[in-house]
Amino acid sequence: QVRLVESGGGLVQSGGSLRLSCAASEHTFSMYPMGWFRQPPGKEREFVATITWSNRTYYADSVKGRFTISRDNAKKTLYLQMNSLKPEDTAVYYCAMNNLAIRSPYYYTKAYEYDYWGQGTQVTVSS
């Protein structure tokens with residue numbers, strides 16, 4: 001069983017920055033695609049960003065140029081650097097692992113493609 005634990009959420013003013021972290025218990029963390037999703041209040045969960053095992057990245061249009069996904073395989077940790085935050089970025093943010101697509105070159109942008117999820121961390125952006 002893989003355990004993912006997010007941290008780094010909080011309250012920030014519009015235009016500010018936050019960095020989210022996701023620590024994984026899986027020792028083969030480096031082999032799998034990882035993703036960030038978010039769920040705004042009253043809405044469905046949506047894709048934010050994904051990173052392949054070889055560090056290729058792909059973003060939702062709504063965050064492109066503002067957010068950066070990265071991974072530190074030695075620390076088994078996934079990151080999401082969020083800059084120029086907007087009130088519409090307010091959501092619970094989740095990290096996820098696709099534990100089946102070992103060394104896959106593809107991007108995974110659908111929630112059902114991920115097997116393991118963290119508990120989520122709240123990000124609130126005030127105007």
Side-chain angles (χ1 to χ4, degrees):
Q1 184 74 11
V2 175
R3 186 165 180 248
L4 301 174
V5 180
E6 299 101 335
S7 61
L11 174 63
V12 64
Q13 288 190 331
S14 182
S17 298
L18 281 175
R19 189 175 82 154
L20 305 183
S21 299
C22 171
S25 63
E26 174 59 48
H27 70 283
T28 54
F29 169 83
S30 64
M31 299 182 184
Y32 301 107
M34 298 291 295
W36 285 101
F37 288 76
R38 67 186 182 186
Q39 188 162 14
K43 297 184 179 180
E44 294 189 351
R45 194 169 298 191
E46 62 186 29
F47 168 75
V48 175
T50 185
I51 186 168
T52 67
W53 76 281
S54 58
N55 289 324
R56 292 170 62 235
T57 58
Y58 183 79
Y59 298 90
D61 288 343
S62 58
V63 306
K64 201 173 296 182
R66 300 188 298 122
F67 290 11
T68 302
I69 187 172
S70 62
R71 64 196 301 165
D72 184 331
N73 290 330
K75 295 182 178 179
K76 295 184 293 182
T77 301
L78 178 73
Y79 301 101
L80 185 68
Q81 177 66 44
M82 304 186 295
N83 299 329
S84 302
L85 282 161
K86 305 174 182 179
E88 51 264 43
D89 294 319
T90 295
V92 178
Y93 283 72
Y94 299 89
C95 67
M97 172 185 283
N98 181 327
N99 201 42
L100 298 177
I102 187 168
R103 297 194 180 97
S104 171
Y106 301 112
Y107 298 128
Y108 297 91
T109 64
K110 301 293 190 290
Y112 66 79
E113 295 174 314
Y114 289 84
D115 311 284
Y116 295 100
W117 293 82
Q119 82 289 351
T121 185
Q122 177 71 46
V123 172
T124 302
V125 184
S126 63
S127 56

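Not measured: the values here are computed from a predicted model. We number each residue from 1, following the sequence as shown. Scope of the values below: all heavy atoms of this structure, side chains included, with no hydrogens, waters or symmetry mates.
For K43, the NZ atom is loosely surrounded, since the number of other residues' heavy atoms within 6.0 Å does not exceed 12. R56 CZ: more than 12 foreign heavy atoms inside a 6.0 Å radius.
Looking at V125 and E88, their side chains never come closer than 4.5 Å, going by heavy atoms from C-beta outward.
The residues D89 and K86 are annotated as not salt-bridged, no charged nitrogen and carboxylate oxygen being separated by less than 4.0 angstrom.
Going from atom OH of Y116 over to atom CG of L4 covers 9.5 Å, rounded to the nearest 0.5 Å. Separation of atoms CE (M82) and CZ (R19) is listed at 11.5 Å; rounding is to 0.5 Å. Separating the CE atom in M34 from the CG atom in N98 is a distance of 10.0 Å, to the nearest 0.5 Å. Atom OH of residue Y32 and atom CG of residue L100 lie 8.0 Å apart, to the nearest 0.5 angstrom. In this structure, CD on E113 lies 15.5 Å from CE on M97, to the nearest 0.5 angstrom.
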Open item on the list: Let's go through L20 and V123 carefully: what are the C-alpha distance in whole Å and the side-chain angles of both, what is the deciding distance for side-chain contact (heavy atoms from CB on, under 4.5 Å) to 0.1 Å, and is it a yes or a no?
Closed with: CA-CA 9 Å; L20 305 183; V123 172; 4.0 Å; yes
Open item on the list: I'd like to know whether Y59 forms a side-chain contact (heavy atoms from CB on, under 4.5 Å) with R66, so could you lay out the CA-CA distance, the side-chain angles of the two residues, the decisive distance to 0.1 Å, and finally the verdict.
Closed with: CA-CA 10 Å; Y59 298 90; R66 300 188 298 122; over 6 Å; no
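If you chain together ILVMFWY residues whose side-chain heavy atoms come under 4.5 Å of each other, Y107 ends up grouped with F37, F47, Y58, V92, Y94, Y106, Y108, Y114, W117.
For P87 against S14, the heavy-atom pair with the smallest separation is CD-OG, 3.8 Å.
Contacts classified as disulfide bond (SG atoms under 2.5 Å apart) and involving residues 69-127 (residues at least two apart or in different chains) are given here: C22-C95.
When the salt bridge (Lys or Arg N to Asp or Glu O under 4.0 Å) test is applied to E46, the partners found at least two apart in sequence or on another chain are R38.
Residues Y79 and W36 do not share a hydrophobic cluster, clusters being chains of Ile/Leu/Val/Met/Phe/Trp/Tyr side chains in contact below 4.5 Å.
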